[in-house]
There are 2 protein chains.
Amino acid sequence: MTKLKFFLQIHKAIIIYGISLALLLLILKWLELRFIIFDYSLEIYIGAIAFIFTGLGIWLALKLSKPKIKTLVVEKEVFVPRSENFILNTSLIAELELSKRELEILNLMALGLSNDEIAAKIFVSLSTVKTHNQNLFVKLDVKRRTQAIEKAKRLNLIP
Amino acid sequence: MTKLKFFLQIHKAIIIYGISLALLLLILKWLELRFIIFDYSLEIYIGAIAFIFTGLGIWLALKLSKPKIKTLVVEKEVFVPRSENFILNTSLIAELELSKRELEILNLMALGLSNDEIAAKIFVSLSTVKTHNQNLFVKLDVKRRTQAIEKAKRLNLIP
DNA sequence: CTTATTTTCATACCAAAGTATCATTTTTAA
DNA sequence: TTAAAAATGATACTTTGGTATGAAAATAAG
């Protein structure tokens with residue numbers, strides 16, 4: 001049942017075309033029998049058929065042709081953050097004696113987190129974060145977190 | 001000269017169709033003259049013509065129909081190292097309605113300057129800087145200067 | 001020339017950041 | 001295992017940052 005339905009749906013155009021063709025031939029036969037056909041010259045008769053079937057062909061082609069997919073590649077500039085070509089300056093980290101925790105906090109700082117948020121994120125107290133900050137600022141020789149971020153980014157200590 | 005060439009190129013399919021039609025009629029006429037045609041029944045004759053012109057119609061339709069363009073957008077990531085060749089996102093600046101002064105302050109912020117230092121640098125009062133900051137934070141939808149810096153860098157509003 | 005926008009500034013207040021100092025607990029490495 | 005380094009935490013205090021509100025010049029746009 002469903003298979004037949006599917007077949008009908010797919011080949012609808014072909015079926016209509018077949019029926020049209022049959023109908024046309026029937027009409028022609030009828031006309032022939034009625035001798036009306038002989039009132040016109042063969043050329044006009046052929047021309048009419050040619051015209052009709054050309055139309056049918058065009059219609060068929062338009063119905064059955066699969067859409068020509070034209071792939072339009074749009075190059076969208078995705079500004080890839082530095083993380084891809086970021087090379088951590090490990091030697092400088094060692095030189096400045098930055099600890100793991102300090103570096104971790106530095107990264108979170110650069111993401112715009114407040115001291116409170118950092119404390120919550122790494123499960124330590126606000127005091128601890130502040131202490132790390134102090135040490136960090138001394139080691140980086142800066143006075144503010146914004147300076148620390150700027151310097152750290154510039155020196156490839158953070159992405 | 002060029003106009004004729006252009007016309008030919010555009011209507012190539014139509015011209016070929018016309019010529020084909022003329023040729024076919026000529027062949028038919030010739031066949032008719034040779035009395036070969038009467039060897040076959042009219043139905044087969046008509047059927048052949050119908051078949052041929054259907055084919056022509058299909059061919060014509062495929063040639064002339066504009067391709068049903070299905071635009072497939074492929075996002076191609078273009079790597080842009082931000083630090084080296086920074087391209088200011090002017091459209092976004094316009095979209096966010098960031099003023100010159102706000103952008104200027106944003107840049108100084110990112111360099112790690114305090115509000116006092118910014119005020120001194122651009123010869124305005126601390127209050128003014130704070131007001132600019134407020135508007136800036138609202139426009140960027142952030143709560144802190146560090147967040148503003150992070151977002152602005154990410155969106156290429158500042159280097 | 002008038003209207004809208006930008007820039008400017010002030011005050012008061014609260015929240016967050018930073019400083020200083022001290023102290024305890026882990027980790028790490030000699 | 002023991003000293004050094006790193007991580008944690010507290011308290012008290014100062015400075016800076018951020019919010020809210022209001023308003024006056026300066027500049028741009030129509």
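Below, chains carry the letters A, B, ... as their sequence lines are ordered, and counting in each starts from 1. Everything quoted here is computed from the prediction, not taken from an experiment.
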Can you give me every donor-acceptor pair (side chain of residues 119-127 of chain B, partner residue at least two apart or in another chain, under 3.5 Å) with its distance?
{"from": "B:S125", "atom 1": "OG", "to": "B:S127", "atom 2": "N", "distance (Å)": "3.4"}
{"from": "B:S125", "atom 1": "OG", "to": "B:T128", "atom 2": "N", "distance (Å)": "3.3"}
{"from": "B:S125", "atom 1": "OG", "to": "B:T128", "atom 2": "OG1", "distance (Å)": "3.0"}

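- The 5' end of DNA chain C is approached more closely, in terms of each residue's nearest nucleotide, by B:K139 than by the other of B:K139 and A:L126.
- With rounding to the nearest 0.5 angstrom, the CD1 atom of B:I149 is 5.5 Å from the OG1 atom of A:T146.
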query = Taking it one step at a time, do A:L88 and A:L157 satisfy side chain to side chain contact (heavy atoms under 4.5 Å, CB included)?
reply = CA-CA 6 Å; A:L88 195 110; A:L157 299 174; over 6 Å; no

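- When the side-chain nitrogen and oxygen atoms of A:R101 are compared with OP1 and OP2 of D:dT8, one or more of them lie within a distance under 4.0 Å.
- Taken residue by residue, residues 104-112 of chain A places no heavy atom nearer than 4.0 Å to DNA chain C.
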Side-chain atoms of residues 103-114 of chain A: list all donor-acceptor pairs with protein atoms under 3.5 Å, sequence neighbours left out, distances to 0.1 Å.
{"from": "A:E104", "atom 1": "OE1", "to": "A:R101", "atom 2": "NH1", "distance (Å)": "2.8"}
{"from": "A:N107", "atom 1": "ND2", "to": "A:L103", "atom 2": "O", "distance (Å)": "2.9"}
{"from": "A:S114", "atom 1": "OG", "to": "A:E117", "atom 2": "N", "distance (Å)": "3.2"}

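- Summary of the strand contacts: B:F137 and A:S99 both lie near DNA chain D, and taking for each the nucleotide with the nearest heavy atom, the more 5' one is attributed to A:S99.
- Protein chain A contacts DNA chain C from C:dA17 to C:dA20, reading 5' to 3' and using non-hydrogen atoms of the protein with a distance under 4.0 Å.
- Note that CG of B:L136 is 12.0 Å distant from OG1 of B:T131, once rounded to the nearest 0.5 Å.
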inquiry  = Apply side chain to side chain contact (heavy atoms under 4.5 Å, CB included) to residues B:V129 and B:D116 and explain how you reach the verdict.
reply    = CA-CA 8 Å; B:V129 175; B:D116 253 320; over 6 Å; no

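- Residues from residues 113-125 of chain A lying near DNA chain D, meaning a heavy-atom separation below 4.0 Å, are A:V124, A:S125 in numerical order.
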request  = Using a 4.0 Å heavy-atom cut-off, write out nucleotides 22-30 of chain D from 5' to 3' as B (base contacted by protein), S (sugar-phosphate only) or - (no contact).
outcome  = ---------

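- With DNA chain D read from its 5' end, the first of the two nearest nucleotides for A:K130 and A:N135 is the one closest to A:N135.
- Applying the salt bridge (Lys or Arg N to Asp or Glu O under 4.0 Å) test to residues at least two apart or on different chains, the pairs with a partner in residues 130-142 of chain B are B:E102-B:K139.
- With rounding to whole Å, A:L103 atom CG is found 14 Å from D:dA6 atom C1'.
- Contact annotation: A:T128 reaches the phosphate of D:dG9 (side-chain N/O to OP1 or OP2, under 4.0 Å).
- In this structure, the helix from C:dC1-D:dG30 to C:dA30-D:dT1 shows an angle of 70° between the axis at its start and the axis at its end, each fitted on 5 base pairs and rounded to 10°.
- Between the side chain of B:N156 and the backbone N or O of B:A152, no donor-acceptor pair lies under 3.5 Å.
- Atom CD in A:Q147 sits about 10 Å away from atom P in D:dG17, given to the nearest Å.
- At least one side-chain heavy atom of A:F137 sits less than 4.5 Å from a side-chain heavy atom of A:R145.
- Residues passing the side-chain hydrogen bond (donor to acceptor under 3.5 Å, both in side chains) test with B:N133, sequence neighbours excluded: B:N115.
- Atom CG in B:L136 sits about 13 Å away from atom C1' in D:dG18, given to the nearest Å.
- Between the C1' atom of D:dA5 and the NZ atom of A:K100 lies a distance of 13 Å, rounded to the nearest Å.
- Under the side-chain hydrogen bond (donor to acceptor under 3.5 Å, both in side chains) criterion, B:T90 pairs with no residue at all, not counting sequence neighbours.
- Taking both residues in full, the closest heavy atoms of A:L140 and A:K151 are given as O-NZ, 3.1 Å, listed atom of the first, atom of the second, then distance.
- Qualifying side-chain hydrogen bond (donor to acceptor under 3.5 Å, both in side chains) partners for A:N89, counting only residues two or more places apart in sequence or in other chains: A:S91.
- Between A:R144 atom CZ and D:dG17 atom C1' there is a gap of 11 Å when expressed in whole angstrom units.
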